[in-house]
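So the structure is just underneath, and the comments pick up after that.
What you see is a predicted model, and the numbers here were worked out from it, not measured in a lab. Only this structure's heavy atoms are used, side chains among them; waters, hydrogens and symmetry mates stay out.
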Amino acid sequence: MTVTVIWLIAFALILFFSLRMWESSVSAGLNKVVPRAIKSDDDNRWVWSVALAILGATTLVRPIDMLLTAIVIAVLVLIVKKVAGWAMDRAHFH
C-alpha cells in the first residue's frame, strides 16, 4: 500500500510539473531526444506528460526493475541488429 501511495504522489507531481513547464523546457528536451518518425505537429503535451510521469514514478519506486528492463531491451535490440546485418550479408540481391 505504501509503494502505491508513493507511486501516485510521484506520478501526480511529475505530471503537474511537466505540464507546467512544457513550453519552457520539457518540449525542447523531447524535441532533442525523440526521433523524427514519431514527432507530430499536434500538441501532444498530455500524452508525453503522462508517459513521462508513468516512467518517472516507476523509476522512483522500482529503479532496479527499470534498469533491468532497459538492459534487456538493449540486448534484444543489439541481437536484432546483428541478425539483420547477418541476413543482409547472406541475401543475394540480383
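Taking CD1 of I54 as the reference point, atom OG of S49 lies at 11.0 Å (rounded to 0.5 Å). Within the model, atoms CG of L55 and CG of L60 stand 11.0 Å from one another, a figure rounded to the nearest 0.5 Å. Note that CZ of F11 is 14.0 Å distant from OG1 of T4, once rounded to the nearest 0.5 Å. Taken from CG in L8 to CG in L13, the straight-line distance is 11.0 Å, to the nearest 0.5 Å. Note that the CG atom of L52 and the OG1 atom of T59 stand 10.5 Å from one another [nearest 0.5 Å]. Atom CZ of R62 is separated from atom CG of L68 by 10.5 Å, given to the nearest 0.5 angstrom.
When side chains are defined from C-beta on, K82 does not count as touching W86, because their heavy atoms never get closer than 4.5 Å. Taking the side chain as every heavy atom from C-beta outward, W46 and L19 approach each other to under 4.5 Å.
I73 and L76 fall into different hydrophobic clusters, where Ile, Leu, Val, Met, Phe, Trp and Tyr residues are linked whenever their side-chain heavy atoms come under 4.5 Å apart, directly or through other members. Residues L15 and V61 share a hydrophobic cluster, clusters being chains of Ile/Leu/Val/Met/Phe/Trp/Tyr side chains in contact below 4.5 Å.
Heavy-atom minimum distance, I14 versus A57: CD1-N, 3.7 Å. Nearest heavy-atom pair across N44 and W22 is O-CH2, 4.3 Å. For the residue pair S18 and V26, the shortest heavy atom distance occurs at O-CG2, 3.8 Å.
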